[in-house]
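Notes for the one structure printed next.
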Amino acid sequence: MLQIHDTLKSILNSPANIVITTHQSPDGDAIGSSLGLMHFLLQMKHKVNVIVPDAYPPFLQWMPGNSTIINFSDQPDIAQKYISESAIIFCLDFNALSRIKQLGDLIQKSNSTKILIDHHRQPENFTAYSYVDINACSTSQLIYEFIASMEKIDLINKHIATCLYAGIVTDTGSFRFPSTTADTLRIAAHLIECGAENALIYESIYDNYSENRLRLLGYTLQHKMEVYKESGAALICLSNNELNQFAFTKGDTEGIVNYPLSIEGIKLSVLVLEKDGVIKLSLRSKGKFSVNDMARKHFTGGGHANAAGAISTLSYNETIQLLKNLFKQYAEEILK
Ligand code: 5GP
Ligand code: MN
């Protein structure tokens, strides 16, 4: 369980201007942990602004407080103003300023007291306080532990509970990944007692897809999933053209990379997306093979042992070729 420093506890006990930031292309845990912490800090009488680097999908835009989130790419001046007025900046669900692009420069230059709360591997040292637990299922669980360590568990209201529950559900693959522990389930149970409506939250996230999104999934599994049984690996590549055919919007490919892992004997799955000239990789594994290591060693990326992301500086076709070579090279380790 996360234990916060006494000095930080006393800093947070007097009202201040606070900014909360999270990683680019925010996911459910990024938004859930940020808004969950925001509602907690509001209860503590702080003035709080959540700033995200860029847009996030509609199926994450329903959480309480969503309308107050500032998107840096749309409103850089307002974001800059809030950062310059802040005394404290929380950095949630990412561990390197490069993960938040230009917003990272502003945060680096700011003299505010910075606090990192995260669960990714190999954090960089850019904050005065750092609470990193790489075994935690989600940053949202760490926010719950943070509140507990502040001895303010009684302040958890329906808003906080809803946001943190949404973050935990999304980052645990609905409580199925190995990072789900007895503590996770105890915390989730308590969040339900505090007002989180579990069925409604699940529905808001997962039963809210566009028709195009489901058809893209069908097309991908039928036509684009390449299975390399001898390496225990699978590859899905989607080009700009293909994404456009399905009127791709942010979030539409989320979760696709997990499907090949449901094939018996497949322990590594990689999704390559060509989006506006950027080649983005999502890597997932089952068991001991570390996709964090693969993403760091062969691409510019990182994440967790079983879930990582990266950007490739090679072309779309070169990236695909490199991945096929890596499957052969690592076959023994993948299959272990
Ligand atoms: P996803 O495949 O869903 O984009 O990301 C999987 C995990 O890897 C997430 O926890 C995410 O924070 C992390 N991740 C994604 N892209 C990158 C990246 O470019 N660099 C690093 N260091 N981590 C990433
Ligand atoms: Mn997370």
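Both ligands and their constituent atoms are indexed starting at 1 by order of listing. Here, residue 1 is the first one in the sequence, and each next residue gets the next number.
- If you look at the Mn ion (ligand 2), the protein N, O or S atoms less than 2.8 Å from it are D29 OD2, D93 OD1, H119 NE2, D171 OD2.
- Within a 6.0 Å sphere centred on CG of N111, heavy atoms belonging to other residues, nucleotides or ligands number 12 at most.
- At most 12 non-hydrogen atoms from other residues, nucleotides or ligands lie less than 6.0 angstrom from CG of N125.
- The nearest heavy-atom contact from the protein to atom 3 (O) of ligand 1 is R284 NH2, 2.9 Å.
- Screening F146, Y129, Y131 for a ring pair (Phe, Tyr, Trp, His ring centres under 6.0 Å) involving F90 leaves a single residue, F146.
- Using a 30° and 60° split on the angle between ring planes, H120 and H23 fall in the perpendicular class, above 60°.
- The pair K288-E333 does not meet the salt-bridge criterion, since no charged nitrogen lies less than 4.0 angstrom from a carboxylate oxygen.
- A 4.5 Å side-chain heavy-atom check between L273 and L238 finds at least one atom pair inside the cut-off.
- Where the criterion is an N or O separation shorter than 3.5 Å, residue side chain and backbone included, G309 meets it with respect to ligand 1.
- Only the backbone of A310 comes within 4.0 Å of ligand 1, judged by heavy-atom distances.
- Counting heavy-atom neighbours within 6.0 Å of K229 NZ, excluding the residue itself, gives a total above 12.
- The side-chain heavy atoms of Q80 and I83, taken from C-beta on, include no pair separated by under 4.5 Å.
- Residue Y144 forms a side-chain contact (heavy atoms from CB on, under 4.5 Å) with just one option from I153, L37, I168, and that option is I153.
- Backbone and side-chain nitrogen or oxygen atoms of H120 are examined, and one is located within less than 3.5 angstrom of a nitrogen or oxygen of ligand 1.
- Using a 4.0 Å cut-off between a side-chain N of Lys or Arg and a carboxylate O of Asp or Glu, K250 and D54 qualify as a salt bridge.
- Compare R99, H23, H304 by their heavy atoms: the one nearest to atom 11 (C) of ligand 1 is in R99.
- Set against the non-hydrogen atoms of S282, the atoms of ligand 1 under 4.0 Å away are 1 (P), 2 (O), 4 (O).
- Among all protein heavy atoms, the one lying closest to atom 23 (N) of ligand 1 is G302 O, 3.0 Å.
- Using a 30° and 60° split on the angle between ring planes, H159 and H39 fall in the tilted class, from 30° to 60°.
- What sits closest to atom 4 (O) of ligand 1 on the protein, heavy atoms only, is K280 NZ, 3.1 Å.
- Every atom of ligand 1 with a heavy atom of A308 under 4.0 Å away is listed here by number and element: 2 (O), 6 (C), 7 (C), 8 (O).
- Not close to ligand 1: R296, with no non-hydrogen atom less than 4.0 angstrom away.
- The closest approach between a heavy atom of E254 and any atom of ligand 1 is not below 4.0 Å.
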